[in-house]
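For reference, the structure is listed below as structure tokens.
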Amino acid sequence: TFKERIFSGAQPTGNLHLGNYLGALKRWVALQDEKECIYCVVDMHALTILPDPAELLSSTRELTAAYLAAGLDPKKSIVFNQSRVRQHAELAWVFNCIARVGWMNRMTQFKDKAGKDRENASLGLLAYPSLMAADVLLYRATHVPVGDDQKQHLELTRDIAQKFNNDYSDRIASLGIGVEMAVGDETVSGFFPLTEPMISGPAMRIMSLRDGTKKMSKSDPSDLSRINLIDDEETITKKIRKAKTDADAIPSEVEGLEGRPEADNLIGIFAALTNTDKAAVLRDFGGKQFSEFKASLAELAVAQLSPITQEMRRLVNDPAYIDGVLRDGGERASVIAEETMHNVRDIVGF
Ligand code: ADP
Ligand code: NA
């Protein structure tokens, strides 16, 4: 079977928000003590929106600073940016020839981002999930901790791995480089693992503070809808105070959150910040008013986020240190990446 290995990443576009922190970063940090982890700043994905070149570099450094400030330790995990390791692009090309156009056309994120004028969207935006599959499979990662919005892309990653393993099964067998793995109750052999998403817990889908039916996102035009990692204490407190809720008191049991998406979201955020679950939060706050709960939530969010913000600000002023971390991480990532690509070139016939 495949060695357990974690891979995840985020794009260096715009500010990180509480959804990114709770749905991704905070969970990445928790994993690095027990598992082999690789965390990437996916700057090649950011090219799909053609950012200003100087801004792309500074955003890459800023996101790296956020990773480190949140607690990623470059001694425990590999931390690097994607464009440093050329094998990402090389494997993505192979996967472009494995994946089908129809698979890409079905991706809801593509439909959202391309908007109405799909003919005019970049080919890179359409092929994005193929590059994402390459990111993950270049390290033959077995698990990817992400938010719920990435579920469909992870399914596609599995489809690509499976089709590659099938299309080249004879070649993989004759080269003797197949790895046995369980698929359902069958044991099959393949070169790429069928990577599992890790999507669970109260933070898998943090919603907008203004509308409990929309996910918290950097592309939401209302800044009141999200808490940014760089927001100061006053702003965080104000946004939580203004967060939409209904007039009812806090229920004592999880069932009482049904049909109350805004209430459910705030309770979930509290649970994720305190590493508990919603039931535990409701045991403490059931029967109370949201105004009282929001004051505690604001205090908690500020206490947890402001040390990260401060450390981020400090690190951003030390680009030489950041670049050193990325260089070192890139070198370590390249060793694994080249090992995989060496085999992939053999498999496909280069
Ligand atoms: P965005 O969705 O804001 O454009 P990214 O696509 O760069 O951010 O996502 C980075 C990581 O943060 C991914 O693992 C994604 O699943 C997670 N994430 C983004 N938004 C949320 C959210 N609202 N709730 C939970 N996780 C989220
Ligand atoms: Na996303």
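Remember, it's 1-based here, ligands and their atoms both numbered in the order they're listed. Because the structure is predicted, anything quoted here is derived from the model rather than measured. Each residue takes its place number in the sequence, starting with 1.
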Under 3.5 Å, is there a donor-acceptor pair linking the side chains of Gln32 and Ser77? yes
Answer yes if the side chains of Lys26 and Asn275 hold a donor-acceptor pair under 3.5 Å, and no otherwise. yes
So which of [options] gets nearest to [atom], if we judge by its closest heavy atom?
atom	options	result
atom 27 (C) of ligand 1	Gly9, Gly19, Ser208	Gly19
atom 25 (C) of ligand 1	Ala24, Ser8, Ala203	Ala203
atom 8 (O) of ligand 1	Leu22, Asp149, Val42, Asn20	Asn20

Nitrogen or oxygen of [X] less than 3.5 angstrom from that of ligand 1:
X	value
Met216	yes
Lys215	yes
Gly147	yes

Check each atom of ligand 1 against the heavy atoms of [X] and keep those under 4.0 Å away; list them by number with element.
X	value
Gly23	25 (C), 26 (N)
Gln150	16 (O)
Ala10	10 (C)

Ligand 1 contact on Lys218 by region, counting heavy-atom pairs under 4.0 Å: both
Structural part of His17 in contact with ligand 1, heavy atom criterion under 4.0 angstrom: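 Answer for His17: side chain.
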Is the side chain of Lys76 donor-acceptor paired with the backbone N or O of Asp33 at a distance under 3.5 Å, no angle test?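 Pair absent, no side-chain N/O of Lys76 close to backbone of Asp33.
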Side-chain donor-acceptor pairs of residues 181-201 under 3.5 Å, sequence neighbours excluded:
from, atom 1, to, atom 2, distance (Å)
Thr195, OG1, Ala141, O, 2.8
Glu196, OE2, Arg158, NH1, 3.4

How about His342 and Phe350: are their ring centroids closer than 6.0 Å? no
Run the ring pair (Phe, Tyr, Trp, His ring centres under 6.0 Å) test on Phe293 and Phe270 for me, step by step, so that the C-alpha distance in whole Å, both residues' side-chain angles and the decisive distance to 0.1 Å come before the verdict. CA-CA 9 Å; Phe293 170 79; Phe270 197 101; 5.3 Å; yes
Relative to the ring of His88, is the ring of Phe80 parallel (under 30°), tilted (30 to 60°) or perpendicular (over 60°)?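 Aromatic pair Phe80/His88 classed tilted.
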Can you confirm whether Lys242 is buried at NZ, in the sense that more than 12 heavy atoms of other residues, nucleotides or ligands lie under 6.0 Å from that atom?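 No - once you tally the heavy atoms of other residues, nucleotides and ligands closer than 6.0 Å, there are 12 at most.
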